[in-house]
Amino acid sequence: MKAKIQSEFEKRFGGEGTFYASAGRINLIGEHTDYNGGFVFPGAIDKVIAAEIRPNDTDKVRVYSIDIDDYAEFGLNEADAPEQSWARYIFGVCREILKRGGKVQGFDAVFAGNVPLGAGLSSSAALESCFAFALNDLFNENNIDKFELARIGQSTEHNYCGVNCGIMDQFASVCGKKGHLMRLDCRSMEFEYYPFNPEGYTLVLLDSRVKHELADSPYNKRRASCERVAKRLGLETLRDATMEMLEAVKSDITAEDYFRAKFVIEEKQRVLDVCDALNNGDYETVGKCMYATHNGLSKDYEVSCEELDYLNDIAKECGVTGSRIMGGGFGGCTINLVKNELLDHFINEAKTRFNEKYGHEPKVYEVIISDGARRWEE
Ligand code: GLA
């Protein structure tokens with residue numbers, strides 16, 4: 001990938017720039033909790049977006065995407081927003097740095113990636129984090145701290161891409177560390193690195209390669225449900241809500257909002273339970289919590305789909321320790337905690353049965369927990 005980027009950069013702009021990379025992410029547990037002030041438990045993975053970048057002494061950004069085979073050129077003022085959606089991520093990052101009083105000048109860039117698109121592995125966060133990290137290094141003497149870099153990516157989603165996301169993906173992409181998951185408290189933004197090396201188990205993703213993103217932004221709707229319930233409870237977020245509190249207002253809210261909030265309250269606790277279980281090397285409990293999350297995401301939060309429920313059923317039938325839909329939902333991957341001796345059987349079974357039913361095999365990715373945003377020097 002590096003050689004491809006290098007030769008494309010040389011061809012388009014001449015000479016060379018500096019290389020940067022940032023990662024996609026997985027999340028062991030804690031889904032749709034980030035924008036509710038709860039806990040998440042993600043890690044960066046060994047799939048990245050990488051860019052070669054060089055200031056060009058103008059006020060224009062010129063950037064080429066190898067994977068999309070598309071070129072964009074734009075200025076740095078609000079009115080200069082590019083049309084291509086992929087370029088809006090980069091424009092958004094520039095704008096969000098400038099809005100915070102940081103510095104951005106024109107630059108040339110070529111980028112490529114191997115984070116699968118639409119799989120729920122946060123390729124967009126990887127793209128935002130790669131450029132946020134790079135522009136901090138090139139123009140701001142690295143004065144912007146890592147959390148702010150993550151917030152720059154998140155604000156880009158909110159203000160330039162129409163997704164009202166939480167902080168998890170950008171945080172994981174920026175702060176990820178090889179061999180470690182991170183438990184992040186999305187209210188205080190305190191986090192802890194957890195060494196993650198489950199002996200005797202493999203963490204594997206099955207990418208259904210389906211995407212059912214609906215036009216009316218179901219993600220933003222889920223968030224709005226949570227905010228309505230929090231407001232009804234007199235709370236800023238559902239972080240402090242309990243099932244007792246929710247039951248007390250049940251007759252005042254819609255059934256839909258009730259089930260959304262129920263999921264979030266239960267999921268919040270599951271992250272803490274999984275951390276305790278990991279401390280005790282108790283992977284059976286980790287796995288049970290993963291199944292419970294899947295069930296909640298499917299039945300109460302309603303962000304699963306037929307294909308992912310099917311993959312989850314196959315996992316259960318194969319005796320897989322834990323399995324659940326991962327990320328925002330409506331397609332993408334399941335994440336599976338599998339005993340090593342079951343791995344081959346499970347993967348074969350999942351490929352064959354999924355193919356029989358849906359006409360294509362899921363893609364399989366073994367998870368390797370890796371570093372987040374960085375200068376790409378290796
Ligand atoms: C998407 C969002 C995240 C988070 C997850 C669900 O990935 O970008 O902020 O809300 O969905 O956990």
Side-chain angles (χ1 to χ4, degrees), residues 22-45 47 89 92 115-129 132 147 149-176 181-187 189 191 205 207 211-214 217-227 230 237-239 260-261 263-268 270-271 274 289-290 292-294 296-298 300-305 308 324-335:
S22 197
R25 63 103 189 88
I26 53 115
N27 184 29
L28 188 62
I29 199 143
E31 221 62 90
H32 291 275
T33 44
D34 57 354
Y35 53 81
N36 285 299
F39 298 97
V40 292
F41 205 9
I45 55 174
K47 309 225 174 311
Y89 290 103
V115 189
L117 299 178
L121 298 177
S122 296
S123 50
S124 61
L127 177 60
E128 291 149 6
S129 306
F147 277 118
L149 292 180
R151 288 204 182 88
I152 284 165
Q154 184 192 23
S155 303
T156 296
E157 297 277 351
H158 291 187
N159 300 329
Y160 299 92
C161 311
V163 181
N164 223 347
C165 66
I167 192 70
M168 170 169 73
D169 304 346
Q170 292 77 11
F171 161 78
S173 184
V174 171
C175 296
L181 297 180
M182 299 163 284
R183 191 185 83 180
L184 171 69
D185 177 335
C186 298
R187 181 166 63 185
M189 294 302 283
F191 76 102
L205 304 173
D207 179 2
K211 192 79 202 149
H212 300 291
E213 199 72 70
L214 311 167
S217 189
Y219 181 92
N220 293 354
K221 277 190 167 171
R222 297 300 180 284
R223 184 171 182 157
S225 276
C226 296
E227 287 171 356
T237 64
L238 289 179
R239 165 66 174 266
R260 306 297 190 241
F263 167 78
V264 170
I265 292 168
E266 292 170 351
E267 181 72 353
K268 223 169 33 175
R270 275 192 288 266
V271 183
V274 160
C289 290
M290 290 169 76
T293 293
H294 184 88
L297 286 170
S298 177
D300 294 340
Y301 220 65
E302 294 183 280
V303 294
S304 187
C305 58
L308 288 157
R324 66 175 195 82
I325 181 174
M326 192 183 73
F330 312 102
C333 287
T334 59
I335 178 166

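Below, all heavy atoms of this structure are taken into account, side chains as well, without hydrogens, waters or symmetry copies. Computed from a prediction, not measured in an experiment: that's the story for all the values here. Note that ligands are numbered from 1 as they come in the structure, with each ligand's atoms numbered from 1 the same way. Residues: numbered from 1 along the sequence shown.
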Taking the six-membered ring of Phe39 (Phe, Tyr or Trp), confirm whether the NZ or CZ of Arg270 is under 6.0 Å from its centre and within 45° of its axis.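 No, cation not above the ring by the 6.0 Å, 45° rule.
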I'd like the residue list for ligand 1, meaning every protein residue with a non-hydrogen atom under 4.0 Å from the ligand.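 Those residues closer than 4.0 Å to ligand 1 by some heavy atom are Arg25, Glu31, His32, Asp34, Tyr35, Cys165, Gly166, Met168, Asp169, Tyr219, Gly327, Gly328.
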Quick one: do Glu157 and Ser124 satisfy side chain to side chain donor-acceptor pair (under 3.5 Å)? Show the steps, please. CA-CA 9 Å; Glu157 297 277 351; Ser124 61; 3.0 Å; yes
By ring-ring contact (aromatic ring centres under 6.0 Å, His included), which residues pair with Tyr35, not counting sequence neighbours?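 Here the qualifying residues are His32, Tyr219.
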Testing Arg324, Arg222, Lys268 one by one against Glu31 for a salt bridge (Lys or Arg N to Asp or Glu O under 4.0 Å), which residue passes?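 It is Arg324; the other options fail the test.
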My understanding is that only residues two or more places apart in sequence, or in another chain, count here; which of them pass side-chain hydrogen bond (donor to acceptor under 3.5 Å, both in side chains) with Thr334?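 With neighbours one apart ignored, the set is Asn336.
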Taking only residues two or more places apart in sequence or in another chain, which ones pass side-chain contact (heavy atoms from CB on, under 4.5 Å) with Asn159?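 Here the qualifying residues are Glu96, Lys99, Ser155.
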